[in-house]
There are 2 protein chains.
Amino acid sequence: MSNTIDDPKAPFVPNYLLYLLAAASEAASARFHSHVRTRGLRVPEWRVMACLTDTDGSMVTELARYAMIEQSRLTKIIIQMDARGLVTRRSDPTDGRRVRVFLTPQGRALAEELVADARAHELELLKSFQGGDGSEIKDTLRALIRHLEADQPNQPGISDSPARDAAIADS
Amino acid sequence: MSNTIDDPKAPFVPNYLLYLLAAASEAASARFHSHVRTRGLRVPEWRVMACLTDTDGSMVTELARYAMIEQSRLTKIIIQMDARGLVTRRSDPTDGRRVRVFLTPQGRALAEELVADARAHELELLKSFQGGDGSEIKDTLRALIRHLEADQPNQPGISDSPARDAAIADS
DNA sequence: AAGAATTATATGAAAATTCATGTTTTCTGG
DNA sequence: CCAGAAAACATGAATTTTCATATAATTCTT
């Protein structure tokens, strides 16, 4: 199978890496996300719960990074989850600015069920996809993520030519 | 590098396929998306433009699938883009229900610039990532997408046991 | 060919998200 | 120790998104 990105007749979108990543993510998540919703959680809430099973008691900013949710948005989500009894918030005794988030017993029970479901779903998906445990695709994705997070400076630039930028800017 | 998903001590999230896909998608897109915003478009608008460079004149529903945007949301986005002169909408002469969406000359100019930028960005990213043209990772992603879209029925179920479902449902 | 069903898009209200900024607490240099 | 800077969260208004459903046009059924 060859890359068709340079063929002028080939469509752009279906061969564009960023599209393929987004589409793969969506397609892979669709079923489980709808399962999550049947359990009464929205996807960002599920993400928070899953992260807390790993790092219970983390502060809002940490959680935001871990769950890929913007901070002010996460704050609002956490407040709702607190109101629903899924998590509690305690300010850090050491640093009064920090708010640490914990799963409640009820929240933990739900989170652990969903994580178990997620593991099962993942296993079946990987088995049916390529028969393996997914270490190949996972390693590739991890490498990509590491690569992208690594070189902050001089990341693959969008436009290296100032002249071109100017031309673009006033169109 | 081995898969650590079964190690009970290993964190769940960073080894979870759905997380890795979402994180890779986000990380890979971040820079280009911010470029898109500097050009005055939001990401969903960019997606619409990119899709239209492939399939100008497609109907709203087609575009929604292609751009991975829910229909009613897309309708609103398109109305805004129409107001800004980026696209036009014409009802299909053959089937009055259908609304076909076209890039305006201005929209096309911007779209083509951004597609060129996207191609350039992608090339640099792939070169700096693994030195190649990305056909490996792309093929994997395409295969995954195909696999997921293929088996609608009996997709890797979240829970195959009705008993377990019931237990989950009333917790 | 009429009525029912289906398809395509639009719409409205509720809810979520974004973005800029406010508040509080801690850190830092002098 | 103090002033100013920085860090961590919270908040509010504007905008977007969602979800259910309305409207309109076509197709199917009998």
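Below, chains carry the letters A, B, ... as their sequence lines are ordered, and counting in each starts from 1.
Here the P atom of nucleotide D/dT18 and the NE2 atom of A/His33 are 13 Å apart, to the nearest Å. If you measure from atom CG of A/Asp92 to atom P of D/dC9, you get 9 Å, rounded to the nearest angstrom.
When side chains are defined from C-beta on, A/Phe12 does not count as touching B/Cys51, because their heavy atoms never get closer than 4.5 Å. Put simply, the side chain of A/Arg65 does not reach to within 4.5 Å of the side chain of A/Gln71, judged on heavy atoms. Residues B/Ile78 and B/Arg89 have side chains in contact (heavy-atom distance under 4.5 Å, counting atoms from C-beta outward).
In summary, of the residues considered (B/Thr88, B/Asp92, B/Asp56, B/Asp95), a side-chain hydrogen bond (donor to acceptor under 3.5 Å, both in side chains) with B/Arg100 occurs for B/Asp92 alone.
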If a protein heavy atom is under 4.0 Å from the base, mark B; if only from the sugar-phosphate, S; if neither, -; do that for nucleotides 20-25 of chain D going 5' to 3'.
B----B
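Among the heavy atoms of the strands, none lies under 4.0 Å from A/Arg37. Across all strands shown, A/Arg89 has heavy atoms under 4.0 Å from sugar-phosphate atoms exclusively, and none from any base.
Between B/Thr94 and A/Met59, the residue anchored nearer the 5' end of DNA chain D, judged by the nucleotide with its closest heavy atom, is A/Met59. Looking at which nucleotide of DNA chain C each of A/Ile77 and B/Arg73 is closest to, the 5′-most match is held by B/Arg73.
The residues B/Lys138 and B/Glu122 are annotated as salt-bridged, a charged nitrogen and a carboxylate oxygen being separated by less than 4.0 angstrom.
Here the CE-CG distance, from A/Met68 to A/Leu74, works out to 12.5 Å after rounding to the nearest 0.5 Å.
In the interface, the side chain of B/Lys76 is not paired with the base of D/dT15 through any donor and acceptor atom under 3.5 Å apart.
In this structure, B/Ser29 contributes its side chain and B/Glu26 its backbone to no donor-acceptor pair below 3.5 Å.
Geometrically, B/Arg90 engages B/Phe102 in a cation-pi contact defined by less than 6.0 Å to the ring centre and at most 45° from the axis.
Taking the 5' to 3' direction, DNA chain C first and last meets chain A under 4.0 angstrom from a heavy atom at C/dA16 to C/dT26.
Between B/Gln80 and the phosphate of D/dT15, there is no side-chain N or O to OP1/OP2 separation shorter than 4.0 Å.
Taking the six-membered ring where tryptophan is involved, the planes of A/Trp46 and B/Tyr16 are perpendicular, since the angle between them exceeds 60° and thus also 30°.
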